[in-house]
Amino acid sequence: MFTADDLWQVASTGTSCLVNNGVYYGGVNLPRQTFEEHVPDIPEFFSRHYTDAHRFGLMSLAQACADAGLDVQRDLQDAAILVGRGGVDANIDSYLAVMRADPATYPVAEALELFVAAEQSVTPSDVALVQGGLTRSRGANFTVSCGCASSALQIGNAQRMIASGEADIAVVTGVDVFSVTLIRNIQRLLTGAQQTYEAMRSEDMPSLLPSFDALMRPYDRRADCINHGEGSATVVIESREHAFARGARLYGRILSQTTTRDGLSNPLACEESGKALVSAVRRCLGDTWDISDVPYVHGGSDGNVVVTTFEANAVRELYGPASRDLLMTSQEGCFGHNGAPAGCLGVALTLLMMNHGQVCPTANCEEPADCLTFDPVPGTTPRALDFDYALSFNYQVGGVKSAILLGGPEV
């Protein structure tokens with residue numbers, strides 16, 4: 001998917017782009033020629049060392065700028081360039097190449113090439129480096145790594161930087177690449193370890209090991225696995241004054257973002273009551289908004305039953321009996337759980353829903369789970385809804401919860 005229209009065509013119909021090749025996976029498969037057509041004029045000395053993370057991040061940046069009517073090399077020189085990264089799969093080959101190189105025997109002519117590749121690729125700040133170079137940015141340029149909540153946190157950073165006057169415009173990108181080989185190996189290891197694990201599991205450990213060999217079904221009674229996907233999503237955020245001055249097309253408003261954590265000693269588990277998520281939402285709303293103003297929530301469900309449990313409990317606590325009327329959906333089944341892009345993607349999808357007056361169905365959800373305290377909009381047909389406010393949720397392994405409050409565009 002390249003454009004907002006592409007995204008809408010898939011998400012609004014609940015279409016799944018996941019492909020089963022040993023494990024279900026959402027691949028981008030970006031041809032080099034397509035990348036060069038959309039992101040031209042990059043010195044080949046640097047571009048030949050780009051990983052997929054670089055290419056995906058630059059591609060989504062270029063597409064977002066085209067959609068916003070911005071020249072990527074002229075209009076972002078004073079912008080904040082903010083990136084969220086969760087995984088390091090794209091960095092491993094460059095890292096290992098340096099580790100394995102013997103300085104005593106390595107060809108001198110190739111040493112500089114290896115150095116450039118390593119400097120661009122061995123850290124999670126890889127995409128921010130090349131985006132800063134493409135935009136000629138003189139403003140803030142940094143990466144946040146907080147797993148699947150990474151770009152959600154950067155959305156919050158951008159909103160606060162603009163509110164404080166530190167920047168007039170910020171470009172937020174989430175990008176991750178997962179190794180399919182790694183996922184297959186994990187699947188084989190987990191299959192072999194499952195019986196032993198169940199025998200030794202303690203109360204502090206999650207009740208279900210993840211699986212990747214079936215189709216993910218968020219909020220469905222058959223949900224028992226997570227599928228991954230790769231890619232990048234970019235959101236352009238501006239101050240009101242900056243947007244109005246240039247006549248920008250407005251999708252909506254970023255009103256607030258809050259992050260909490262469950263407080264558990266286990267760095268891999270989540271607390272199932274949903275208390276931390278409730279706290280994040282209430283802090284997000286503050287004294288300005290009421291939960292009754294929010295008839296739609298973009299959920300962060302990746303098909304994990306633990307996630308569904310704490311989301312259902314949080315919604316019950318927040319909305320009370322009115323939770324049964326709440327529409328709460330997830331489109332992770334369209335592209336797979338893609339890590340860092342999830343925050344930007346959730347914001348983009350939610351704002352598109354506001355603009356279309358429709359809520360996208362939960363992809364791959366056909367038989368809603370009994371424990372749900374909300375309507376997941378099962379099937380493949382969008383639900384009509386006229387709404388001015390929405391929440392978007394994202395989570396990181398270890399109990400981190402992010403909530404973003406969104407508003408419709410101002411006239």
Side-chain angles (χ1 to χ4, degrees), residues 148-149 152 203 206-208 216-224 226 255-264 269-333 342 346 349-350 353 359-379 383 385 387-406:
C148 311
E203 292 183 358
S207 60
L208 180 68
M216 66 189 300
R217 296 184 180 277
Y219 306 141
D220 193 286
R221 68 174 73 248
R222 299 162 295 173
D224 63 355
I226 303 167
L255 300 173
S256 61
Q257 184 273 335
T258 302
T259 309
T260 58
R261 186 178 177 274
D262 288 337
L264 300 179
C270 286
E271 203 271 331
E272 296 187 11
S273 72
K275 292 180 181 178
L277 183 55
V278 169
S279 176
V281 170
R282 287 176 174 165
R283 288 167 55 188
C284 218
L285 296 171
D287 297 326
T288 306
W289 299 277
D290 188 85
I291 193 65
S292 62
D293 297 327
V294 183
Y296 173 71
V297 174
H298 187 268
S301 178
D302 54 8
N304 190 322
V305 294
V306 175
V307 175
T308 297
T309 299
F310 71 66
E311 283 188 330
N313 289 334
V315 165
R316 182 190 297 109
E317 174 68 21
L318 288 165
Y319 285 87
S323 66
R324 290 294 175 184
D325 298 322
L326 174 70
L327 301 187
M328 180 169 175
T329 68
S330 168
Q331 286 72 55
E332 296 231 349
L349 283 166
T350 305
M353 292 184 216
V359 169
C360 296
T362 296
N364 298 334
C365 178
E366 299 163 348
E367 303 172 15
D370 295 334
C371 68
L372 299 187
T373 57
F374 52 86
D375 183 348
V377 189
R383 189 82 57 81
L385 183 69
F387 58 114
D388 296 321
Y389 297 99
L391 285 160
S392 183
F393 295 159
N394 295 101
Y395 320 114
Q396 180 197 11
V397 170
V400 174
K401 309 290 191 295
S402 167
I404 301 174
L405 180 63
L406 302 168

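Atom SG in Cys365 sits 9.5 Å away from atom CZ in Arg221 (nearest 0.5 Å). To the nearest 0.5 angstrom, Tyr395 atom OH is 9.5 Å from Asp302 atom CG. The distance from the CG atom of Asp287 to the CZ atom of Arg282 is 13.0 Å, given to the nearest 0.5 Å. Atom CG of Leu406 sits about 10.0 Å away from atom OH of Tyr296, to the nearest 0.5 Å. Rounding to the nearest 0.5 angstrom, the gap separating the OG1 atom in Thr350 from the NE2 atom in His298 is 5.0 Å.
At a cut-off of 3.5 Å, with distance as the only test, a side-chain donor of Gln257 or Ser402 sits close to an acceptor on the other residue. Between the side chains of Ser273 and Glu271, a donor-acceptor pair is found at a separation under 3.5 Å. Judged purely by distance below 3.5 Å, without hydrogens or angles, the side chains of Thr329 and Tyr219 never pair a donor atom with an acceptor atom.
No option in Thr258, Thr260, Asp262, Thr259 other than Asp262 meets the side-chain hydrogen bond (donor to acceptor under 3.5 Å, both in side chains) test with Lys401. Checking Leu285, Leu405, Ile404 one by one against Ser256, the side chain to side chain contact (heavy atoms under 4.5 Å, CB included) holds for a single residue, Leu405.
Ion pair Arg217/Glu366 flagged as a salt bridge, since at least one NZ, NE, NH1 or NH2 atom sits closer than 4.0 Å to an Asp/Glu carboxylate oxygen.
Taking the side chain as every heavy atom from C-beta outward, Phe387 and Leu327 never approach each other to under 4.5 Å. Cys270 places none of its side-chain heavy atoms less than 4.5 Å from the side chain of Val307. The shortest distance between side-chain heavy atoms of Tyr389 and Leu255 falls below 4.5 Å. Using a 4.5 Å heavy-atom cutoff, the side chains of Cys360 and Met353 are in contact. Inter-residue side-chain proximity for Ser323 and Met328 is flagged as unmet; no heavy-atom pair is nearer than 4.5 Å. In this structure, the side chains of Asn313 and Lys275 stay at 4.5 Å or more apart for every pair of heavy atoms. The shortest side-chain heavy-atom distance between Asn364 and Asp220 does not fall under the 4.5 Å cut-off. The closest side-chain heavy-atom distance from Gln396 to Arg261 is not below 4.5 Å.
By the ring pair (Phe, Tyr, Trp, His ring centres under 6.0 Å) test, Tyr319 pairs with no residue at all, sequence neighbours left out. Phe393 is linked by a ring pair (Phe, Tyr, Trp, His ring centres under 6.0 Å) to nothing, counting only residues two or more places apart in sequence or in another chain.
Under the 3.5 Å distance criterion, the side-chain polar atoms of Asp375 are left unmatched by any main-chain donor or acceptor of Asp325. With Glu332 contributing its side chain and Gly303 its backbone, the two residues share no donor-acceptor pair below 3.5 Å. Panel note: side chain Ser330, backbone Pro218; no donor-acceptor pair is recorded below 3.5 Å. Side chain of Thr373 to backbone of Val315: no donor-acceptor contact under 3.5 angstrom is found.
Minimum heavy-atom separation, Ala363 to Gly333: CB-C, 3.8 Å. Contact detail for Thr308 and Cys371: the closest heavy-atom pair is CG2-SG, 4.0 Å. The minimum heavy-atom distance linking Ala149 with Val400 is given by the pair CB-CG1, 4.5 Å. Looking at every heavy atom in both residues, Pro368 comes nearest to Pro378 through CG-CG, 3.8 Å.
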